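The block underneath contains the structure these notes are about, expressed in structure tokens.
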2 protein chains.
Amino acid sequence: MDDGPVAGDTPTLHDVAREAGVSIATASRALNGSARNVRAENLTRVRAAAAKLNYEPHLSAQAIAKGSTMTVALVVRDVADPYFSSIAAGVTQAAREAGLIVTMAVADSSPERELEIVKTLRGQRPRIVIIAGSRIDGTPTRESLIEELQEYRTAGGQVVLVSQRDLPFGTVTIDNHGGSAALARALLSIGYRRFAVFHAPPSLRTSRDRHEGFLSGLTGVPEPLAIETGFTRAGGYDAARRLVERGLEDVEVVFAVNDVMAIGAMTAFRDAGLTPGTDIGVAGFDDIGSAVDVVPSLTSVAVPLREAGVSAMRLALSADAEATTRLPVSVVLRESTPPRPPA
Amino acid sequence: MDDGPVAGDTPTLHDVAREAGVSIATASRALNGSARNVRAENLTRVRAAAAKLNYEPHLSAQAIAKGSTMTVALVVRDVADPYFSSIAAGVTQAAREAGLIVTMAVADSSPERELEIVKTLRGQRPRIVIIAGSRIDGTPTRESLIEELQEYRTAGGQVVLVSQRDLPFGTVTIDNHGGSAALARALLSIGYRRFAVFHAPPSLRTSRDRHEGFLSGLTGVPEPLAIETGFTRAGGYDAARRLVERGLEDVEVVFAVNDVMAIGAMTAFRDAGLTPGTDIGVAGFDDIGSAVDVVPSLTSVAVPLREAGVSAMRLALSADAEATTRLPVSVVLRESTPPRPPA
DNA sequence: TTGTACGCGTTATCAT
DNA sequence: ATGATAACGCGTACAA
């Protein structure tokens with residue numbers, strides 16, 4: 001009658017080996033390594049012992065022994081934002097399928113914070129680093145960040161950026177420019193001629209691309225009115241309020257560079273006594289879940305966010321260091337931009 | 001002129017020590033341990049060397065050397081759901097303040113998957129395990145899960161459950177029962193008398209608590225009509241459709257046990273030609289962000305989700321193994337339940 | 001205060 | 001096929 005390990009102690013490989021009556025090396029082989037090179041009987045004995053002791057290998061120990069981890073480090077701007085949480089969902093799903101563990105850090109829209117995260121993240125020695133929604137465009141930390149990310153590479157890690165292009169790393173982009181252009185053409189085709197654009201500061205690359213893409217899709221109409229504001233619901237609300245104060249004049253439809261801005265704008269219009277869809281058209285970008293639940297339902301450009309997360313992982317696992325995946329988007333016309341009869 | 005470590009190699013403490021001309025032990029003390037016991041000059045030398053080499057300590061190595069990690073393992077039902085992503089935001093924020101690393105796993109609404117996750121998670125030897133939105137009520141895996149979680153405890157880890165009570169672990173609950181009762185009283189006070197409840201199967205504890213709480217708040221009115229459906233937007237849509245098909249009869253207001261269900265229900269009513277708020281009142285629970293952006297804006301019960309995540313971390317760090325934090329909720333009446341003049 | 005040496009749990013190399 | 005044993009990178013007694 002053996003009394004096993006001391007109560008309250010987590011069993012180690014050593015305990016399993018002892019329980020199975022084999023050496024620790026054989027136990028290791030039976031559980032993790034090349035199971036082919038171990039006698040069938042010992043294999044079952046070890047497995048039985050592991051099950052009996054409820055043994056789980058110590059990942060950290062494995063990591064330092066093998067010289068590499070099973071970790072993918074995910075950095076997002078804000079988990080609570082449906083945009084990023086959808087990407088995170090895709091990443092975790094793909095990571096699970098690949099048997100990897102996901103660690104998550106939140107950058108809070110701060111480039112400094114982001115740099116700090118990426119720095120300390122190195123301590124984890126992640127196999128893969130995925131950064132979603134960074135705004136490293138034109139920030140003073142840009143160079144340092146690139147440098148820091150290079151180090152992961154030389155250390156054998158993969159770096160993938162989501163929706164951040166022009167950097168020497170694997171990249172998953174969504175076709176912001178093309179999607180906005182397609183939206184512009186769609187709105188033209190159903191009769192709209194006078195446009196306004198609610199956009200964020202151009203240093204935010206996503207906003208700039210969508211803005212420019214929209215302009216490129218407009219032909220033969222007056223220059224749209226551009227209102228700069230925040231990339232948030234509050235920003236959209238504020239821009240709409242300013243537009244109303246200044247006088248709608250002949251603006252027929254507003255394109256907000258993302259859905260939450262568009263939804264905020266709709267609420268602002270309504271607060272000002274205007275009915276979105278009827279008095280003024282509204283379109284967004286992202287096609288977030290609630291786009292179909294607002295009234296009127298929101299015209300938008302559908303972005304496969306979850307797919308973006310999955311693609312990021314796929315890219316990282318492909319070991320193709322600087323490949324780019326561009327995700328297709330699709331225009332979804334809804335009630336917020338009803339067809340407009342020619343004047 | 002020294003040539004430092006081989007290019008492409010991640011510097012170790014050994015490299016730092018060599019660069020600074022001290023022993024590994026001194027380098028270790030200077031960077032992490034008791035910095036008091038090292039001469040000022042060596043301290044600066046080591047720090048300079050670490051900075052020059054851009055050294056980051058290998059967390060896995062630290063973990064096995066110290067015998068404990070800096071990891072908090074977060075298990076959520078679905079990251080893409082705003083409910084859980086808000087909790088996750090709170091957890092990551094609090095973890096950051098405590099200098100801990102968050103790993104995230106998604107349980108996909110499956111108790112089996114949840115058990116599997118909790119099992120393999122042990123490999124991480126997390127300091128803290130936080131489980132949000134489990135549905136371990138009455139499932140066959142319940143006992144195994146409890147047993148598994150106990151092991152974390154005996155291994156020196158902390159376990160905290162969010163919105164899951166009656167288990168021998170730290171718990172953060174939201175006052176589902178009380179909040180629903182308060183909502184019921186509020187609706188009574190503005191004139192509603194005939195109710196319907198859209199709820200999920202009672203094995204889902206959250207749904208059951210909200211349902212029962214609502215009933216307990218109703219006095220002197222007919223038994224509400226109860227429609228069982230899924231805990232999702234689609235479930236809400238479906239329940240509303242069924243209610244309409246069956247005939248609204250005298251139902252004046254619907255309470256859906258969460259907001260996404262309520263929003264789905266509103267869309268279903270509208271699809272059926274009814275105007276929510278006017279033809280039928282609708283109320284939800286959670287007060288998710290889009291509650292103010294739907295039309296009519298949704299009456300709900302506000303839940304401090306982010307706070308829940310923060311509280312879970314606080315609880316875990318307090319080392320008070322089985323304490324319970326109950327988060328207060330508050331009724332928010334909006335346009336979806338306009339005051340109803342007495343008949 | 002500093003350095004030496006051992007231990008953490010695992011994998012991998014090398015004999016056997 | 002199996003068992004010693006040397007790594008892996010770090011913390012920390014212990015000795016100096």
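Heavy-atom basis, side chains included; hydrogens, waters and symmetry copies ignored. Note that the structure is predicted; figures quoted are calculated from it, not measured. Every chain is numbered from 1 and lettered A, B, ... according to where its sequence line falls, protein lines coming before strand lines.
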Between [N] ([atom2]) and [X] ([atom1]): distance, integer Å:
X: Leu31(B); N: dG9(D); atom1: CG; atom2: C1'; result: 13 Å
X: His58(A); N: dC8(C); atom1: NE2; atom2: P; result: 12 Å
X: Arg18(A); N: dG3(D); atom1: CZ; atom2: C1'; result: 17 Å
X: Arg29(A); N: dC14(C); atom1: CZ; atom2: C1'; result: 11 Å
X: Leu13(A); N: dA4(D); atom1: CG; atom2: P; result: 14 Å
X: Asn32(B); N: dG9(D); atom1: CG; atom2: C1'; result: 12 Å
X: Gln124(B); N: dG9(C); atom1: CD; atom2: P; result: 17 Å
X: Met70(B); N: dC10(D); atom1: CE; atom2: P; result: 16 Å

Item to check | Option among Glu112(B), Glu147(B), Glu148(B) that satisfies the salt bridge (charged side-chain N to carboxylate O under 4.0 Å, His left out) test with Lys119(B) | outcome: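 One option only clears the test, and that one is Glu148(B).
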Checklist entry - CG of Asp108(B) to CD of Glu114(B): how many Å apart, nearest 0.5 Å? => result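 So the CG of Asp108(B) and the CD of Glu114(B) are separated by 10.5 Å.
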Picking from [options], which would you name as closest to the side chain of [X]?
X: Ser23(B); options: dT10(C), dC10(D), dG3(C); result: dG3(C)
X: Ile64(A); options: dC8(D), dA13(D), dT2(D); result: dC8(D)
X: Pro57(A); options: dG3(D), dG9(D), dT10(C); result: dT10(C)
X: Val22(A); options: dG3(D), dT11(C), dC10(D); result: dG3(D)
X: Ala65(B); options: dT2(C), dG7(C), dG3(C); result: dG7(C)

Can a side chain N or O of [X] be found less than 4.0 Å away from OP1 or OP2 on [N]?
X: Thr26(A); N: dT2(D); result: no
X: Tyr55(B); N: dC10(D); result: yes
X: Arg39(B); N: dT2(C); result: yes
X: Asn42(A); N: dA1(D); result: no
X: Gln62(A); N: dT11(C); result: yes

Checklist entry - Under the 3.5 Å rule, do the base of dG9(C) and the side chain of Arg125(B) count as making a donor-acceptor pair? => result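 By the distance-only test, no, there is no pair.
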Checklist entry - If you find the nucleotide of DNA chain D closest to Asn37(A) and the one closest to Ile24(A), which residue's nucleotide is nearer the 5' end? => result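 Result of the comparison: Asn37(A).
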Item to check | Audit row: Ser144(B), Thr141(B), side-chain hydrogen bond (donor to acceptor under 3.5 Å, both in side chains) steps and yes/no | outcome: CA-CA 5 Å; Ser144(B) 320; Thr141(B) 59; over 6 Å; no
Next on the checklist: Need to verify one output field. Residue with the more 5' nearest nucleotide on DNA chain C, Lys66(B) or Ala25(B)?
Outcome noted: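 Counting from the 5' end, the first nearest nucleotide belongs to Ala25(B).
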Checklist entry - Does any non-hydrogen side-chain atom of Arg125(A) lie less than 4.5 Å from one of Leu59(B)? => result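 They are not in contact (no side-chain heavy atoms under 4.5 Å apart), so the answer is no.
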Next on the checklist: Mind checking if Ser28(B) touches a base, just sugar-phosphate, or nothing, with heavy atoms under 4.0 Å?
Outcome noted: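 Base, at least one base atom sits under 4.0 Å.
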Checklist entry - Checking side-chain contact (heavy atoms from CB on, under 4.5 Å) against Pro126(A), which of Ile130(A), Ile128(A), Val129(A) comes through? => result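 Passing option: Val129(A).
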Checklist entry - Got a salt bridge between Arg113(A) and Glu116(A), using NZ or NE/NH1/NH2 to carboxylate O under 4.0 Å? => result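 Between Glu116(A) and Arg113(A) there is a salt bridge, with a charged N closer than 4.0 Å to a carboxylate O.
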